[in-house]
Amino acid sequence: MAAMAVALRGLGGRFRWRTQAVAGGVRVAARGAAAGQRDYDLLVIGGGSGGLACAKEAAQLGRKVAVVDYVEPSPRGTRWGLGGTCVNVGCIPKKLMHQAALLGGLIRDAPHYGWEVAQPVPHDWRKMAEAVQNHVKSLNWGHRVQLQDRKVKYFNIKASFVDEHTVCGVAKGGKEILLSADHIIIATGGRPRYPTHIEGALEYGITSDDIFWLKESPGKTLVVGASYVALECAGFLTGIGLDATVMIRSIPLRGFDQQMSSMVIEHMASHGTQFLRGCAPSRVRRLPDGHLQVTWEDRTTGKEDTGTFDTVLWAIGRVPDTRSLNLEKAGVDTSPDTQKILVDSREGTSVPHIYAIGDVVEGRPELTPTAIMAGRLLVQRLFGGSSDVMDYDNVPTTVFTPLEYGCVGLSEEEAVARHGQEHVEVYHAHYKPLEFTVAGRDASQCYVKMVCLREPPQLVLGLHFLGPNAGEVTQGFALGIKCGASYAQVMRTVGIHPTCSEEVVKLRISKRSGLDPTVTGC
Amino acid sequence: MRRAVLGVGRAAAWRIRAGAESGQQRQRSPPLSPVPAPPPPAFRFVSRPGPAGSESETVEQSPPQSPGPGKAGDAPNRRSGHVRGARVLSPPGRRAHLSSPGPSSSSEAREELRRRLRELIERSRVMIFSKSYCPHSTRVKELFSSLGVECNVLELDQVDDGAKIQEVLSGITNQKTVPNVFVNKVHVGGCDQTFQAYQSGLLQKLLEEDSAYDYDLIIVGGGSGGLSCAKEAAILGKKVMVLDFVVPSPQGTSWGLGGTCVNVGCIPKKLMHQAALLGQALCDSRKFGWEYDQQVKHKWETMTKAIQNHISSLNWGYRLSLREKAVAYVNSYGEFVEHHKIKATNKKGQETYYTAAQFVIATGERPRYLGIQGDKEYCITSDDLFSLPYCPGKTLVVGASYVALECAGFLAGFGLDVTVMVRSILLRGFDQEMAEKVGSYMEQHGVKFLRKFIPVMIQQLEKGSPGKLKVLAKSTEGTETIEGVYNTVLLAIGRDSCTRKIGLEKIGVKINEKSGKIPVNDVEQTSVPYVYAVGDILEGRPELTPVAIQSGKLLARRLFGASLEKIYHTLFWPLEWTVAGRENNTCYAKIICNKLDHDRVIGFHILGPNAGEVTQGFAAAMKCGLTKQLLDDTIGIHPTCGEVGNRRF
């Protein structure tokens, strides 16, 4: 993917002048008679992380901006407010529920540290869900207020293109409204995919759009999928004491480093999550007692098997929200395979004044911070005289499974594929977080590896960290890699003692050496 | 100044040397070495800067001495046309083969060169790196010859890679000039130092003891610094001994191998910190849906026992790893008695003497006492707190160091009544804005602060576990005095180096009389060439964290050049705190950039959960030249606290 980004950047460089010339032309026209009636300088379709960032940035640059946002209820009827996936049905509620699960672990640790808590401590889903939902609602409100403060017009309407400068919005009551703008940014994001070919999938299954808004505990849950969403959900469900099973058809966490992925699974399996590997569901039925009976095929043996669950959660991927946009009316091209919007390295679509950012775009990481940054940079190019282009290389991320997995840069497989086994050196260590010792926790999967070029000064290609607070650990090292960190420089950095992140600056054992990478002592 | 002299000397010497040299070249004589030892080790790197061949191969080929072709990198030493002339005289084919660069890169070549130099130094009784025209080098050579001592001399101006050797030497010894003299593996220094050592008798001592020492290296102090040094030396094949002895605290506390960090520092501190965090987590967890009714109490004894068990396992681990690496460990108190000789006194008072070629002092520090009535009798320090067999109860912490605040923080976290008595400012040396924020956070969480007071007397009111103490304190600003009654008084007013009672004066290792710290050069060498020092006892080095280094720099910049910096800062509310209803506007991050240097980030400060985990990566990035621009370009990880650095400024 990064290779493609490079290629795109090359293209962008060539296209730069043409794009700007066109944009300038539009603006001149807008000031002229004909286009002077357009309602806005910028119209943003989609009020998620990326869209809101664009709107706020443009308003700050003194532009007249409107945001349209509309949440189509999920098949189960779940709906939410302004802020998009991240705030409502993604990062935020996910990490809060992950935190709830972590707290469960800490409660079990506490007696070792002298706190007298009678075990076991039960967990109340309703209480957690309500607290999480209240926080999300406060964020929805916060976004509304921020838009108001910046004089961005907000419409809660479902938008579709009428022509390349005009969008028609339909409000909840069916009232229609026409909005025109010089520039339009599409940031409608994506929604979970349903396996509609499976009998009962749509009627009885839920997705990540619903799980965080459930009023009652999901009970015994089958999570279908091997994406990070699947693993994270199964992880926190297990952590708050529910019976959770993950059904994986082929490999977990595709695209991530596979050694790390298998350790994530190993850790989850040893902490109570059940796994059905190599299995694919074939139907879901509701039993008279209300339970769901799931039938699946074991693809290795070819045998069919069934199980009963209270909840079936599909986490098999996401589809872009482009169908209802009438993109063809504006002439915006999409990928025939994925329905995602095709853009150049400057977020431009096939229509010069229409742009797209975030999850709705083909070939981009589906991450909040990338959407926000891409959006801001785009607006600064449009209205702020900037020429900075988004760099999609070395995007750090963290999977919030019970044992968190943070990574930045290349996976070991990718590094080997690009540079060859002979030119890649991998430093690694199994470590034990200090907090685990007194609590007697198992640290078999606490592991860190750094993928470097073999030739001095051994440029760091990727960092992979499995352990507590992986996100916090990875963030700074992402900066280091951005600065072109070499293995030698990382080794010259003084550790902060005693932390888990110091293990990164103490990586001395290479895989090639074959030495035992277990860290002992300080 | 010395360099200027050398420069002039060099120009002259080239001319003088040339004639004689070409004669020598033809005969292919070995470098000027009075040592007849076959083959002269100097050969090993005369011709083989490249790492390619094995040693035996190199020796067999009996390399030529004049510069080979194609070594443009060494230009500074070969500007003279005479050298070019000399080159013509040597058989070109073979030399080209010898000096052809190997497949590996220059840094590997440098490593190889360094290894060869080390080997040369170790094999020679006296090793002099010299330049044939340098008058100082000549004086040194004459000195050894007058002492009747054979020495191995390498003339850097007569070998291929002289400039490289000099560079590597400067890396090893922190000395850029010649002569560079080693006696029995000990770096003596240049001409002046050699003559000083001769006059003080040290040189003779170094010469006479040869390899008759019991050990290659004795390390005094088995803490983090000492142990890592010992293990590394042992891995490199040295005969190493570690002397470690914990003098019991005035309250009688002592502990095992591993030093402050493991026994009475970082490790137990962070574990108690974790215990306090767990208290907070328990409060949070109710809001996250975990249900329990009872008031949760904390039991000091359970925690302390668990922590002490972990520490014992670490002590044992250290013993084991020393044994595995064949490092001799002696649980005795080390004290220098004469050059290269140390007296080790064990618990029973039995004395043993050991000798070594080199020494490392890594004795660290111990907590300071106030020097007032009752302090040693009744107060405890961090040396005692972590293994205290009973809950300390209502506690007065005296001091405002990070030790004081950390201890006060976790004690309050267990629900104890804690007061901190501060003489002047919090966390001296740290960014003061951050320090004040730490203080006010603690105050909001129940820690009381008594500012601008110092204790003057401690009286015992009641014995017990804990007992009752009356503390009398006076204001630092007026005549006001106050009294308070506490169960425990914990002193955390600073630490003193353990350098005054280890016989350093007997061998002439200089210490800073006031601080007790040991001044060292860039390679950790003390005023006595064979004695090195590491860790907390070093003068002008941070006692623990890189934050201390950075804050020191920042302080100076604030004092002398504040306008050159831009500060970006933000308050943030960790996501985990939102649901738990913990306070907003408490967690804070700031970065400081140098405007004159492309907004290079020169300071990173964060106050909030997992600060250590967050800071580490940023430290690595700063090492790589992080700028504000790069910070802005880096994508955040959502939702974490670490992303504040990328999103908010």
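Within every chain, numbering begins at 1; the chains are lettered A, B, ... in the order of the sequence lines, protein sequences first and strands thereafter. Since we're looking at a predicted model, the values are computed, not measured.
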So, for [X] and [Y], which heavy atoms are closest and what is the spacing to 0.1 Å?
X	Y	result
Ala131(A)	Lys287(B)	CB-O, 3.7 Å
Phe414(B)	Trp115(A)	CA-CH2, 3.9 Å
Leu630(B)	Cys483(A)	CD1-SG, 3.7 Å
Leu479(A)	Ala621(B)	CB-CB, 3.4 Å

Lys270(B)/Glu435(A) salt bridge by N-O under 4.0 Å criterion: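 Salt bridge flag = yes for Lys270(B) with Glu435(A).
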Taking atom [atom1] as the centre, does [X] end up with more than 12 heavy-atom neighbours from other residues, nucleotides or ligands that are less than 6.0 angstrom away?
X	atom1	answer
Arg508(A)	CZ	yes
Lys297(B)	NZ	no
Gln295(B)	CD	no
Lys432(A)	NZ	yes

Relative to chain B, which of [options] shows the most heavy atom pairs under 4.5 Å?
options	result
Ile240(A), Val504(A), Leu367(A)	Ile240(A)
Gly104(A), Pro111(A), Ala485(A), Gly484(A)	Gly104(A)
Ile481(A), Thr370(A), Val408(A), Asp388(A)	Thr370(A)
Pro498(A), Gly480(A), Ala470(A)	Pro498(A)

Do [X] and [Y] come within less than 4.5 Å of each other through their side chains, counting heavy atoms only?
X	Y	value
Val614(B)	Asn469(A)	no
Phe477(A)	Phe618(B)	no
His310(B)	Leu434(A)	yes
Thr302(B)	His112(A)	no

How many angstroms lie between atom [atom1] of [X] and atom [atom2] of [Y], to the nearest 0.5 angstrom?
X	Y	atom1	atom2	value
Ile307(B)	Thr437(A)	CD1	OG1	8.5 Å
Met128(A)	Ser285(B)	CE	OG	12.5 Å
Met622(B)	Thr493(A)	CE	OG1	10.0 Å

Option that, when pairs with chain A are counted at under 4.5 Å, heavy atom only, ranks first among Met303(B), Arg286(B), Met272(B):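 Ranked by contacts with chain A, first place is Met303(B).
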When Ser313(B), Gly279(B), Ala306(B) are compared by non-hydrogen pairs under 4.5 Å with chain A, the top option: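 Going by pairs under 4.5 Å, I would pick Gly279(B).
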Single hit among Tyr292(B), Phe288(B), Trp290(B) for ring pair (Phe, Tyr, Trp, His ring centres under 6.0 Å) with His123(A):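 Testing each of Tyr292(B), Phe288(B), Trp290(B) against His123(A), the sole residue satisfying ring pair (Phe, Tyr, Trp, His ring centres under 6.0 Å) is Trp290(B).
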Whether [X] side chain and [Y] backbone form a donor-acceptor pair below 3.5 Å:
X	Y	result
Gln616(B)	Val494(A)	yes
Glu613(B)	Cys500(A)	yes
His298(B)	Tyr113(A)	yes
Trp300(B)	Gly114(A)	no

Ala118(A) portion near chain B, given a 4.5 angstrom heavy-atom threshold: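 Both the backbone and the side chain of Ala118(A) come within 4.5 Å of chain B.
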Chain B contact via Thr397(A) - which portion, at a heavy-atom distance below 4.5 Å: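 Backbone only.
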Contacting moiety of Ser321(B), where chain A heavy atoms sit under 4.5 Å: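 For Ser321(B), neither part sits under 4.5 Å from chain A.
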Residue among Leu106(A), Leu103(A), Ile107(A) satisfying side-chain contact (heavy atoms from CB on, under 4.5 Å) with Leu282(B):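 Checked Leu106(A), Leu103(A), Ile107(A) against Leu282(B); only one passes side-chain contact (heavy atoms from CB on, under 4.5 Å): Ile107(A).
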